[in-house]
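Report on the following structure.
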Amino acid sequence: MTNTRFNPKSADARWQQTWDERQTFRANDASDKPKAFVLEMFPYPSGRIHMGHVRNYTMGDVLARYKRMTGHEVLHPMGWDAFGMPAENAAMEKKVHPGNWTRENIASMRAQLKRLGFALDWSRELATCEPEYYGHEQSLFLDLYAAGLVYRKESAVNWDPIDMTVLANEQVIDGRGWRSGALVEKKKLSQWFLKITDFADELLEGLDTLDQWPEKVRLMQENWIGKSKGMQFRFNFVGNTDGFEVFTTRPDTLFGASFAAISPEHPIAKKLAENAPDLAAFILECQQSGTAAADIETAEKKGFNTGLSVQHPLDPDWHLPVYVANFVLMDYGTGAVFGCPAHDQRDLDFARKYELRVTRVVAEGDDTDPHFAGDTAYTGPGQIVNSHFLNGMSVEDAKAAVIGRAESEGWGKGTTVWRLRDWGVSRQRYWGTPIPFIHCDDCGVVPVPKDQLPVTLPEDVSFDVPGNPLDRHPTWKNVPCPSCGKAARRETDTLDTFVDSSWYFIRFASQPNDQPFDRAIAEQWLPVGQYIGGVEHAILHLLYARFLTRALHRIGKINVTEPFKGLFTQGMVTHETYSITDPDTGQPLYFSPAEVHRIDSGAMVVTGSGGTEVDVGRVIKMSKSKKNVVDPDEIIDQYGADAVRWFMLSDSPPERDLPWTEAGIEGCWRFINRLWRIVDGRDDNAQGEDKALDRKLHQTIAGIASDVEGLGFNKAVAKLHDLANSIEKAGNTASKTIAIKTLVRLIAPMAPHLAEEAWAAINGTGLVADAAWPTVNPALLVEDEVNIAVQVNGKLRDTLTLAKGLDKAALEAAALASEKIIRTLDGATPKKVIVVPDRLVNIVA
Ligand code: ANZ
Ligand code: ZN
């Protein structure tokens with residue numbers, strides 16, 4: 001026994017260098033091994049790796065290393081989602097060029113990732129902000145344009161007049177820009193769109209094939225796509241043939257109608273407002289409150305009575321008042337509705353406020369009363385009542401009956417509407433992929449010829465005034481028209497960064513210089529076998545990536561429809577918060593975990609403050625604003641990469657949050673050292689076998705394999721702890737030495753530096769990273785001992801561990817010989833003994 005310690009300070013760097021030099025993790029396209037593509041969502045280069053990244057990439061890494069050991073050719077790449085607003089904000093605040101800022105961040109984050117020893121193929125590293133990447137994106141964009149999947153359209157946008165930019169709905173908070181705080185205006189702009197709605201059906205149906213995705217993510221996508229079947233029909237104004245179309249999913253409730261409502265942006269509302277200043281004022285008020293669907297959902301329901309009425313389509317003498325209402329969206333259905341307050345909550349809120357009639361038309365159990373009481377709409381099933389020819393029907397039958405009647409009478413028809421909208425990809429920003437088009441006064445919008453790609457960003461730009469730097473650049477946009485040669489202007493919009501992340505996995509699979517990807521090579525790797533990332537990308541990123549893959553499939557570029565076969569969304573890394581209350585503002589003032597320490601009394605105090613005690617807050621997601629972050633670099637300095645990796649995998653199931661604790665990381669560090677001592681303390685000359693340990697070993701090999709494949713890393717870690725315990729307790733036999741040597745390969749995916757060091761110590765061939773996963777001897781998986789429950793009068797009194805397969809007589813004898821049973825029986829003679837072999841003995845006394 002040499003009694004050396006495992007020293008990550010030297011070991012980590014040494015093995016990382018070895019892997020690098022030998023290009024151990026380089027994926028070979030030409031390999032004939034089965035291929036495995038393991039991918040974690042690539043990071044935004046914000047500047048520093050945080051613990052969330054570490055957790056995400058450690059999980060992917062364990063899987064990638066395990067796949068290598070089980071005979072796969074593994075593609076496990078890394079890159080940078082490098083375009084976006086933060087770089088421009090940094091440019092404005094710190095006067096640095098977005099490109100420099102981004103590339104410096106990438107350099108430091110790459111160095112951080114390398115310190116963790118991830119099994120990445122760095123030769124395929126890419127950054128979306130480099131022309132070598134975005135030039136190919138421009139080329140794909142042109143292909144999609146040629147296929148009719150890209151178009152331009154005037155559309156109303158949320159305009160931030162201070163930042164001079166278009167805001168997404170999610171960036172409008174209470175009617176104000178999320179960054180500038182300016183009152184958001186509605187503005188009409190010509191914008192570029194991708195026709196994702198052409199794929200709505202496919203994207204919805206494709207969800208059914210994704211059986212290795214979390215159910216909740218599939219549901220979120222389904223809701224986002226939002227397929228609604230219903231009916232569209234026409235309302236005519238009383239005394240007039242004009243009118244408007246409405247969309248409803250509940251034609252069965254038509255006899256419960258008590259009003260009609262149109263959107264504030266409906267053309268009829270606008271027309272009426274021309275002569276009605278109070279209506280114009282109401283419309284303006286609606287526009288200024290948030291436009292996001294969520295805002296509208298929660299806002300108070302408000303309406304403006306136009307004084308006009310429409311005829312009920314099933315009874316022309318029945319007139320309904322027409323309102324302009326804030327909860328009716330212009331871009332859904334037809335921008336107009338009929339209100340049935342008894343069976344729709346929004347309509348009920350509205351009806352109570354404006355004292356409109358509320359008629360029940362769906363029975364709630366026995367309740368058929370036409371006068372609907374209360375403030376909670378009934379949206380459940382039931383028989384249709386108070387509805388003429390519909391009475392007695394179910395909701396579904398009544399829907400069909402009304403649609404049938406409308407279609408035969410010609411005032412309406414069955415339709416399907418979708419919540420999904422085409423994807424607006426125009427951004428009036430500098431730091432993004434230039435949209436490769438040229439505007440010519442004579443020829444209109446002309447695509448940049450492919451041989452002129454990439455359209456690169458100009459370097460000399462200024463950020464001292466708001467607005468789009470590309471637009472105000474003195475020369476960049478002046479180019480000749482590719483078609484007629486006259487002076488023309490470049491498009492100055494850049495692409496939404498979600499376009500960049502919608503195909504990067506294809507480029508990882510194949511990255512030739514002269515085209516976006518080589519189809520045959522890409523198809524060998526795709527779809528990604530396991531994709532791992534945060535649940536915050538459950539909707540947009542994943543939907544856009546699914547769409548773009550399908551679009552490329554449709555235009556014959558690749559024979560893949562679903563890009564991600566398996567998806568896993570990991571939990572967050574959390575930490576408690578430390579704060580004091582700022583006496584001036586009354587607001588909390590946060591301290592980082594590095595700035596506080598625990599004193600003997602158990603209280604936490606600010607270090608160096610002479611004892612200022614902090615409030616210890618809840619365990620929440622690590623975030624800069626709460627300062628409850630722990631810097632991976634400092635932890636690696638202190639404990640080495642393997643202890644950090646180990647912590648990321650242990651304790652919490654990977655889909656749950658993982659609370660960071662000092663005690664936890666120290667425990668991991670101790671365990672890493674314990675593993676080393678086990679290896680170091682082995683006896684290569686030991687003799688004899690230990691059947692129990694052999695069995696334990698093989699059960700562990702099999703168990704870890706299935707845990708890792710199911711991403712149950714915490715379970716795998718628990719099994720390793722268990723095996724380590726068994727090894728330490730076992731006597732000195734050859735079985736023990738074999739178990740120790742095998743343990744080295746079992747820990748290799750999780751603690752690769754320690755494993756390489758140990759592998760060298762046991763004279764393993766080559767690198768453990770290249771070693772094969774230990775094979776399981778199935779004979780050793782079956783237990784030859786079983787636990788037998790012994791009951792007296794049905795109550796459990798003892799458990800015996802006995803050889804498997806004993807006959808009834810032997811089991812009865814063993815049970816009656818148990819001291820606990822003898823004591824329980826206390827001299828009584830058993831009347832009857834029931835034996836279930838290998839399971840239980842019940843003594844009736
Ligand atoms: C009458 C009715 C009666 C409705 C009833 C519901 C319940 P989903 O399922 O989300 O598709 N609606 C239609 N267009 C709208 C718009 N542009 N803005 C706001 N609401 C709109 O919702 C469809 C239902 O939402 C439609 O069915 C309509 O109200 C409303 F007991 O029509 B319903
Ligand atoms: Zn021209």
Side-chain angles (χ1 to χ4, degrees), residues 200 222-233 235 244-266 268-269 286 291-297 299 301-303 312-313 320 323-351 358-362 364 372 376-382 384 386-387 390 395 398-399 402-403 412 414-421 437-449 479-490:
E222 185 182 325
N223 289 338
W224 188 264
I225 297 167
K227 181 179 188 173
S228 285
K229 284 193 179 163
M231 177 174 101
Q232 184 172 325
F233 70 91
F235 270 133
F244 53 89
E245 298 275 325
V246 300
F247 170 72
T248 177
T249 48
R250 297 292 306 272
D252 56 301
T253 65
L254 200 48
F255 287 109
S258 62
F259 65 94
I262 60 177
S263 163
E265 289 164 54
H266 197 286
I268 292 178
C286 293
T291 52
D295 294 332
I296 291 172
E297 210 62 57
K301 311 289 168 279
K302 279 190 208 151
H312 194 285
L320 302 170
Y323 284 81
V324 175
N326 68 341
F327 63 87
V328 184
L329 308 166
M330 191 56 221
D331 67 352
Y332 187 65
T334 61
V337 302
F338 82 84
C340 174
H343 306 293
D344 181 273
Q345 192 58 47
R346 287 177 306 184
D347 295 347
L348 185 59
D349 295 345
F350 192 81
V358 182
T359 308
R360 172 192 305 283
V361 289
V362 182
E364 189 173 355
F372 189 93
T376 308
Y378 177 67
T379 56
I384 304 295
N386 311 314
S387 296
L390 301 176
V395 164
K399 283 179 181 172
V402 173
I403 292 172
T415 49
T416 299
V417 305
W418 302 81
R419 202 158 284 281
L420 188 66
R421 292 284 156 267
F437 282 87
I438 291 168
H439 300 272
C440 170
D441 290 337
D442 291 351
C443 312
V445 183
V446 184
V448 173
V479 285
C481 167
S483 142
C484 72
K486 261 185 57 174
R489 297 163 316 280
R490 276 196 194 289

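Computed from a predicted model, the values in this text were never measured in an experiment. When a ligand or atom number is given, it counts from 1 through the structure's own listing order.
- Within the 4.0 Å heavy-atom cutoff, Gly333 does not count among the residues contacting ligand 1.
- Considering backbone and side-chain atoms alike, Thr249 places an N or O below 3.5 Å from some N or O of ligand 1.
- Residue Leu329 places at least one N or O, backbone or side chain, under 3.5 Å from an N or O of ligand 1.
- Close contacts between ligand 1 and Val328 involve ligand atoms 16 (C), 17 (N), 18 (N), 19 (C) [criterion: under 4.0 Å to a heavy atom].
- Among the atoms of Arg346, some N or O lies under 3.5 angstrom from an N or O of ligand 1.
- The contact set between ligand 1 and Arg419, taken as ligand atoms under 4.0 Å from a residue heavy atom, comprises 8 (P), 10 (O), 11 (O).
- Between the side chain of His343 and the backbone N or O of Thr253, no donor-acceptor pair lies under 3.5 Å.
- No donor-acceptor pair under 3.5 Å is formed between the side chain of His266 and the backbone N or O of Ala261.
- Contact check on Arg489 versus Asp441 returns a salt bridge, with a Lys/Arg side-chain nitrogen under 4.0 Å from an Asp/Glu carboxylate oxygen.
- Every atom of ligand 1 with a heavy atom of Phe327 under 4.0 Å away is listed here by number and element: 18 (N), 19 (C).
- Going from atom CG of Leu420 over to atom NZ of Lys227 covers 12.5 Å, rounded to the nearest 0.5 Å.
- Under the side chain to side chain contact (heavy atoms under 4.5 Å, CB included) test applied with Phe255, the options Thr359, Asn386, Leu390 reduce to a single match, Leu390.
- Taking every non-hydrogen atom of His343 and a distance limit under 4.0 Å, the qualifying atoms of ligand 1 come out as 5 (C), 7 (C), 31 (F).
- Among protein heavy atoms, atom 33 (B) of ligand 1 sits closest to Thr248 OG1, 3.6 Å.
- Side-chain N or O atoms of Arg421 include one that pairs as donor or acceptor with a backbone N or O of Asp331 at under 3.5 Å.
- Ring to ring, Phe372 and Tyr378 are not that close: their centroids are 6.0 angstrom or more apart.
- Counting only distance, with no hydrogens or angles, the side chain of Thr334 and the backbone of Glu245 share a donor-acceptor pair below 3.5 Å.
- The SG atom of Cys484 and the SG atom of Cys440 subtend an angle of 110° at the Zn ion (ligand 2), given to the nearest 10 degrees.
- The shortest N/O to N/O separation between Tyr332 and ligand 1 falls below 3.5 Å.
- Shortest contact from atom 6 (C) of ligand 1 to any protein heavy atom: Asp344 OD2, 3.4 Å.
- Ligand 1 has no N or O atom lying under 3.5 Å from any N or O atom of Thr253, backbone or side chain.
- The two residues Gly335 and Val328 have their closest heavy-atom pair at O-CG1, 3.4 Å.
- Heavy atoms of Val337 found under 4.0 angstrom from ligand 1 belong exclusively to the side chain.
- When hydrogens are left out, the protein atom nearest atom 28 (C) of ligand 1 is Phe247 O, 3.8 Å; that is the closest non-hydrogen contact.
- Ion pair Arg250/Asp344 not flagged as a salt bridge, since none of the NZ, NE, NH1 or NH2 atoms sits closer than 4.0 Å to an Asp/Glu carboxylate oxygen.
- For Lys229, the NZ atom is loosely surrounded, since the number of other residues' heavy atoms within 6.0 Å does not exceed 12.
- Shown in contact with Ser228 at under 4.0 Å from a heavy atom are these atoms of ligand 1, numbered in order with element: 8 (P), 9 (O), 11 (O).
- Both the backbone and the side chain of Phe338 come within 4.0 Å of ligand 1, judged by heavy-atom distances.
- Taking the Zn ion (ligand 2) as the corner point, the angle from Cys443 atom SG to Cys481 atom SG is about 110° (rounded to 10 degrees).
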